[in-house]
S.K.: 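Got a structure here, written out as structure tokens. Questions coming.
The structure presented is a predicted model; accordingly, all values stated were derived computationally and were not measured.
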Amino acid sequence: MKNLKHILQKTPVEAIIGSIDRSITGLHYDSRSVAQGSIFVAIKGGVFDGHTFISKAIEQGAIAIVCEDLPEQLSAEITYVHVKSAARALAFMASNYYENPSKNLKLIGITGTNGKTTVATLLYELFKQAGYKVGLISTVKIMVDQDVFSATHTTPDPLVINSYLSQMSSQGVEFCFMEVSSHGIHQYRTEGLFFEGGVFTNLSHDHLDYHNSFAEYRDVKKSFFDHLPPTAFALVNADDKNGSVMVQNTKAKPMTYALKSYADYRVQILENQFSGLLLKINDSEVWVKLIGDFNAYNLTAIYATADLLGLESDETLRLMSALDNVNGRFEHFKSDANITAIIDYAHTPDALKNVIETINAIRTKNETLITVVGCGGDRDRTKRPKMAHIASALSTKVIFTSDNPRSEHPDQIISEMEVGVQPQYSSKTMSITNRKQAIKTACQLAQPNDIILVAGKGHETYQEVDGVKSDFNDYKITQEFLIQLNK
């Protein structure tokens, strides 16, 4: 049993009506979950306004209401907590409710447009192999030491985050690596957490369906570093012009990594092949299984983070050499007919450009590069023509197809992509709405030594059409078609 006074510690409050010396059985922002003795936090969301469910929450047994707008009629039996932001209040209250578990481990937040999942996941793997108990909160999955849980958001809501951090704390987890999305920062999901450090990977065009402008998107990312404590480190990519912006107002210790600029952690690419990279990080060389400039950045961020957390350099390099690609991130295989297939989550212009340029830097140009790509529905529409332009300009052949169209018609999404194809590249492109048929066509077109890139969905094992999710796995489908064609 918790006490309301304890749960409200450090929570930004405008006014309190009623007693806060009350026992609490639960903390909820979904009225359907409210039971006798609960707190209900009324959050104004994009679809629903929690204030419309206050009466229902009280009927179900809520004894405390946290809200931005007080009801016209107040009950003497209910404690009302008036706040400016119910979402922000929930974050502080969730931490208190679970006894501030982030204080009991070293929590590292990784933010940026691309690379978050790779950096967070491989840090988890590296520290696990180093013998530590480790946690992971990522787009792909959540790990509490060895226990695996499914993920629904890049950065979950504060109750979910603190619930998992509490489990980690009780199981003796020492380090946790967490993806921090712009949505998560903007919606205060990381407020009230104690971070040991923050990592900035890069910033490029994404989420402009949610943020009003690129400047707003950048500043939301920056606010994560603004709130880091003086005891933390702020590790940023010095080659990204926004890296210096991230640490302008931070109290944390700023550190840098780079491929092209002077930095605290400097990487050089000595060899770049489909089998891996030979890197020189500061004065040490290491062979890794990952591929491309973008992974050179990711791996340097991993090396730097490990160093800042106290791992020995030689041990870190040894463990890095054994790291494998993250599921759906430049995941590749070669068929019996010597056709290379690459599955990647690239769903932003910059990510797609990075992946294709990486392929082009390795291939001899005697091979055909066939790119299969689409764009998601109900998301940032402005990136559609940009991604089509990049794919058509940098690939030998391109097949535009559906991704997760959600509530939009896939043909309309593809039409908006096609606008970005310049006339000189139009003969390279075709459009096949059915994603499975598009992948099959790419496999049929490929000849020995050719390369197929299937971009956009990566690790996802479903396709969402008209709100319905059906099984769909790019890796398995591509593999099956290439096997069939070899028979």
S.K.: Judged by modelled atom types alone, do Thr368 and Thr396 share a side-chain donor-acceptor pair under 3.5 Å?
M.R.: no

S.K.: So Asp324 and Lys289, salt bridge (charged side-chain N to carboxylate O under 4.0 Å, His left out) or not? Walk me through it.
M.R.: CA-CA 6 Å; Asp324 289 312; Lys289 299 178 186 177; 3.1 Å; yes

S.K.: Taking Phe177 as the fixed residue, which of Phe195, Phe127, Tyr132 is the one that meets the ring-ring contact (aromatic ring centres under 6.0 Å, His included) rule?
M.R.: Phe127

S.K.: Does Glu271 use its side chain to pair, donor to acceptor, with the backbone of Leu278 at less than 3.5 Å?
M.R.: no

S.K.: Do the non-hydrogen side-chain atoms of Arg435 and Phe472 ever get within less than 4.5 Å of each other?
M.R.: yes

S.K.: Please examine the side chains of Lys397 and Met430, heavy atoms only from C-beta on, and report whether any two atoms are closer than 4.5 Å.
M.R.: no

S.K.: Under the 3.5 angstrom rule, does the side chain of Asn242 hit a backbone N or O of Val245 as a donor-acceptor pair?
M.R.: no

S.K.: Without swapping roles, check the side chain of Thr300 against the backbone of Val267 for a donor-acceptor pair under 3.5 Å.
M.R.: no

S.K.: Show the numbers, then the answer: is there a side chain to side chain contact (heavy atoms under 4.5 Å, CB included) between Leu203 and Asp240?
M.R.: CA-CA 7 Å; Leu203 202 69; Asp240 189 300; 4.3 Å; yes

S.K.: Counting C-beta onward and ignoring hydrogens, is there a side-chain heavy-atom pair between Asn162 and Ser166 closer than 4.5 Å?
M.R.: no

S.K.: Is it true that Glu418 and Ser431 share a donor-acceptor pair across their side chains at a distance under 3.5 Å?
M.R.: yes

S.K.: Could you tell me whether the side chains of Tyr262 and Thr256 share a donor-acceptor contact shorter than 3.5 Å?
M.R.: no

S.K.: For Phe274, give me all partners under ring-ring contact (aromatic ring centres under 6.0 Å, His included), at least two apart in sequence or on another chain.
M.R.: none

S.K.: Classify the side-chain pair Tyr462/Asn404 by whether it contains a donor and acceptor separated by less than 3.5 Å.
M.R.: no

S.K.: Decide whether His459 and Arg329 meet the rule of one side-chain donor and one side-chain acceptor closer than 3.5 Å.
M.R.: yes

S.K.: Counting heavy atoms not belonging to Lys222, are there more than 12 under 6.0 Å from its NZ?
M.R.: yes

S.K.: For Asp307 and Tyr265, which I'm curious about, is there any donor-acceptor pair between the side chains at under 3.5 Å?
M.R.: yes

S.K.: Could you walk me through whether Gln412 and Glu416 pass side-chain hydrogen bond (donor to acceptor under 3.5 Å, both in side chains), step by step?
M.R.: CA-CA 6 Å; Gln412 179 60 35; Glu416 292 180 20; 3.1 Å; yes

S.K.: Quick check: are there more than 12 heavy atoms from other residues, nucleotides or ligands sitting under 6.0 Å from OH of Tyr475?
M.R.: yes

S.K.: Which residues pass the side chain to side chain contact (heavy atoms under 4.5 Å, CB included) test with Ala446, not counting sequence neighbours?
M.R.: Ile339, Ile370, Asp450, Ile452

S.K.: In this structure, are over 12 heavy atoms from other groups packed under 6.0 Å from Glu312 atom CD?
M.R.: no

S.K.: Report yes if the side chains of Met320 and Tyr303 come closer than 4.5 Å at any heavy-atom pair, otherwise no.
M.R.: yes

S.K.: Ring centres of Phe224 and Phe200 under 6.0 Å apart?
M.R.: no

S.K.: Side chains of Tyr257 and Asp264: does their closest heavy-atom pair fall under 4.5 Å?
M.R.: no

S.K.: Do Met178 and Ile108 touch side chain to side chain, with heavy atoms closer than 4.5 Å?
M.R.: no

S.K.: Do you know the tightest heavy-atom contact between Val355 and Ala346?
M.R.: CG2-CB, 4.2 Å

S.K.: Would you check if the distance from the ring center of Phe330 to the ring center of Tyr345 is below 6.0 Å?
M.R.: no

S.K.: Using only atom types and a distance under 3.5 Å, with no angle test, would you say the side chain of Ser95 pairs donor to acceptor with the backbone of Phe92?
M.R.: no

S.K.: Decide whether Thr348 and Asp350 meet the rule of one side-chain donor and one side-chain acceptor closer than 3.5 Å.
M.R.: no

S.K.: Can a donor-acceptor pair be found between the side chains of Lys221 and Ser182 at a distance below 3.5 Å?
M.R.: no

S.K.: Could you check Asp314 against Arg318 for salt bridge (charged side-chain N to carboxylate O under 4.0 Å, His left out), going step by step and ending with a plain yes or no?
M.R.: CA-CA 6 Å; Asp314 289 347; Arg318 182 184 70 82; over 6 Å; no

S.K.: Check for a donor-acceptor pair, side chain of Ser102 on one end and backbone N or O of Leu193 on the other, with a separation under 3.5 Å.
M.R.: no

S.K.: Quick one: closest heavy-atom pair of Ile185 and Thr111, and the distance?
M.R.: CD1-OG1, 4.1 Å

S.K.: Going by distance alone, is a donor N or O of one side chain under 3.5 Å from an acceptor N or O of the other, for Asp239 and Asn237?
M.R.: no

S.K.: Taking atom types as modelled, find out whether Glu179 and Thr117 have a side-chain donor-acceptor pair closer than 3.5 angstrom.
M.R.: yes

S.K.: Asn473 and Thr461: side-chain donor and acceptor closer than 3.5 Å?
M.R.: no

S.K.: Donor-acceptor check, side chain of Lys280 to backbone of Gln268, threshold 3.5 angstrom: yes or no?
M.R.: no

S.K.: Verify the neighbour count for atom NZ of Lys253: are there more than 12 heavy atoms of other residues, nucleotides or ligands below 6.0 Å?
M.R.: no

S.K.: May I have all residue pairs that pass salt bridge (charged side-chain N to carboxylate O under 4.0 Å, His left out) and include part of residues 128-146, sequence neighbours excluded?
M.R.: Glu125-Lys128

S.K.: Determine whether Lys84 and Glu68 satisfy the following criterion, salt bridge (charged side-chain N to carboxylate O under 4.0 Å, His left out), listing intermediate values before the conclusion.
M.R.: CA-CA 6 Å; Lys84 279 187 177 179; Glu68 298 173 21; over 6 Å; no

S.K.: Look only at the side chain of Asn360 and the backbone of Leu394, and say whether a donor-acceptor pair between them is shorter than 3.5 Å.
M.R.: yes

S.K.: Between Glu196 and Leu107, is there a side-chain heavy-atom distance shorter than 4.5 Å?
M.R.: no

S.K.: Do His347 and Lys457 have side-chain heavy atoms sitting under 4.5 Å apart?
M.R.: no

S.K.: Does the Ser169 side chain pair with the main chain of Pro101, one donor and one acceptor, at a distance under 3.5 Å?
M.R.: no

S.K.: Give a yes or no on whether the backbone of Gln167 and the side-chain of Ser170 come within a donor-acceptor separation of less than 3.5 Å.
M.R.: yes

S.K.: Verify the neighbour count for atom CZ of Phe175: are there more than 12 heavy atoms of other residues, nucleotides or ligands below 6.0 Å?
M.R.: yes

S.K.: Is a donor on one side and an acceptor on the other found under 3.5 Å between the side chain of Asn282 and the backbone of Arg266?
M.R.: yes

